[in-house]
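Remember, it's 1-based here, ligands and their atoms both numbered in the order they're listed. As the structure is a computational prediction, the values presented were derived from the model and not from experiment.
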Amino acid sequence: MIQLYHVYKRYPNGIEALQDVNLRIAEGEFVFLTGPSGSGKTTLVKILLAYERASSGQVLVNGRNLAVLRASSIPYLRRNIGVVWQDFKLLDTRSVFDNVAISLEILGLRPKEIARRVNQTLETVGLEKYAASRPLQLSGGEQQRVAIARALVNEPSILLADEPTGNLDPDLSVEIMNLLLDLQQKGTTVVVATHDRFLLERYSRRTLLLNRGYLVEDSSGDSALPATTLLDEDDEERARR
Ligand SMILES: Nc1ncnc2c1ncn2[C@@H]1O[C@H](COP(=O)(O)OP(=O)(O)O)[C@@H](O)[C@H]1O
Ligand SMILES: [Mg+2]
């Protein structure tokens with residue numbers, strides 16, 4: 001479960017990236033986090049992973065209070081949260097198998113157990129045939145599925161995806177979204193940060209809308225459409241260039 005109480009994030013340069021954010025995401029929920037470029041989506045994702053710390057307020061993830069989390073506990077937190085970024089961050093010199101295996105190697109699991117888990121996870125994302133390939137030999141959608149496999153191999157209870165379809169065309173976006181929805185069906189809590197109207201409109205799901213750091217709307221699936229009205233796609237495009 002994820003809970004935020006009166007969370008503020010002010011960066012050292014004075015930018016208020018999050019302001020008085022209150023929210024609760026239950027175990028097993030699927031939630032879109034949306035809002036224009038610079039509204040604080042990535043900051044929120046980073047706070048949940050303890051890459052950034054809230055300036056004030058409380059953040060609870062699976063019962064852990066991140067405000068008082070010791071540095072030595074951060075690896076345990078991250079083991080339980082899978083994360084997928086927009087740019088897949090794959091290692092091009094390693095095989096697909098090795099990219100997925102890294103976190104298990106760090107954990108010191110036996111090679112046999114690593115192989116079992118990696119192969120099973122590659123099957124989940126439909127890439128079992130590509131275990132020996134290099135990431136660059138794959139399409140964008142396949143590379144993103146490798147990134148999802150890497151996020152899943154630890155069997156996290158929460159999966160965070162920050163603009164997971166940002167570099168993909170609509171067909172591949174649908175493929176990735178269907179995979180993320182499957183994972184939710186199997187019990188994983190899934191939070192997808194996206195400014196992609198196409199996704200928000202096609203998949204009507206609970207949508208948290210950020211604007212200038214404020215959570216301005218929390219709509220359930222059936223009324224998800226109004227949440228897109230504040231989005232400024234051109235803005236986001238400009239920011240990306
Ligand atoms: N490390 C940082 N240092 C200073 N300002 C930052 C940093 N990261 C993000 N920001 C600022 O915080 C605001 C929110 O950014 P971000 O969370 O990346 O928004 P989004 O993901 O919705 O585009 C923006 O104004 C951005 O410029
Ligand atoms: Mg972002």
Open item on the list: Which option wins on minimum heavy-atom distance to atom 17 (O) of ligand 1: Thr43, Leu33, Thr34, Asn211?
Closed with: Thr43
TODO: Before signing off on this row, confirm whether Gly38 and ligand 1 have an N or O atom pair separated by under 3.5 Å.
DONE: yes
- [ ] Flag Gly40 as yes when one of its N or O atoms lies below 3.5 Å from any N or O atom of ligand 1, and as no otherwise.
- [x] yes
For [X] and [Y], work out which heavy atoms get closest and say how close.
X: Arg134; Y: Ser95; result: NE-N, 4.0 Å
X: Arg206; Y: Ile25; result: NH1-CA, 4.0 Å
X: Thr34; Y: His195; result: OG1-CA, 3.8 Å

TODO: For ligand 1, indicate whether the residue Ile15 contacts it via side chain, backbone, both or neither (heavy-atom separation under 4.0 Å).
DONE: side chain
- [ ] Check Thr42 against ligand 1 and report side chain, backbone, both or neither, counting heavy atoms closer than 4.0 Å.
- [x] both
Task: contact_flag Ser37 ligand 1 heavy-atom lt 4.0 Å - done: yes
Task: Within-shell test, Pro12 vs ligand 1, heavy atom, strictly < 4.0 Å - done: no
Task: Numbering as shown, the atoms of ligand 1 that approach Pro36 to under 4.0 Å (heavy-atom distance) - done: 22 (O)
Task: Enumerated ligand 1 atoms positioned under 4.0 Å from heavy atoms of Ser39 - done: 19 (O), 20 (P), 22 (O)
Open item on the list: Would you say the Mg ion (ligand 2) has Thr42 as a near neighbour, meaning an N/O/S atom of that residue under 2.8 Å away?
Closed with: yes
Do [X] and [Y] touch side chain to side chain, with heavy atoms closer than 4.5 Å?
X: Val84; Y: Leu160; result: no
X: Val31; Y: Val190; result: no
X: Thr207; Y: Asp218; result: no

Open item on the list: Within 45 degrees of the ring normal and closer than 6.0 Å to the centroid, is that where the cationic atom of Arg205 sits relative to Tyr203?
Closed with: no
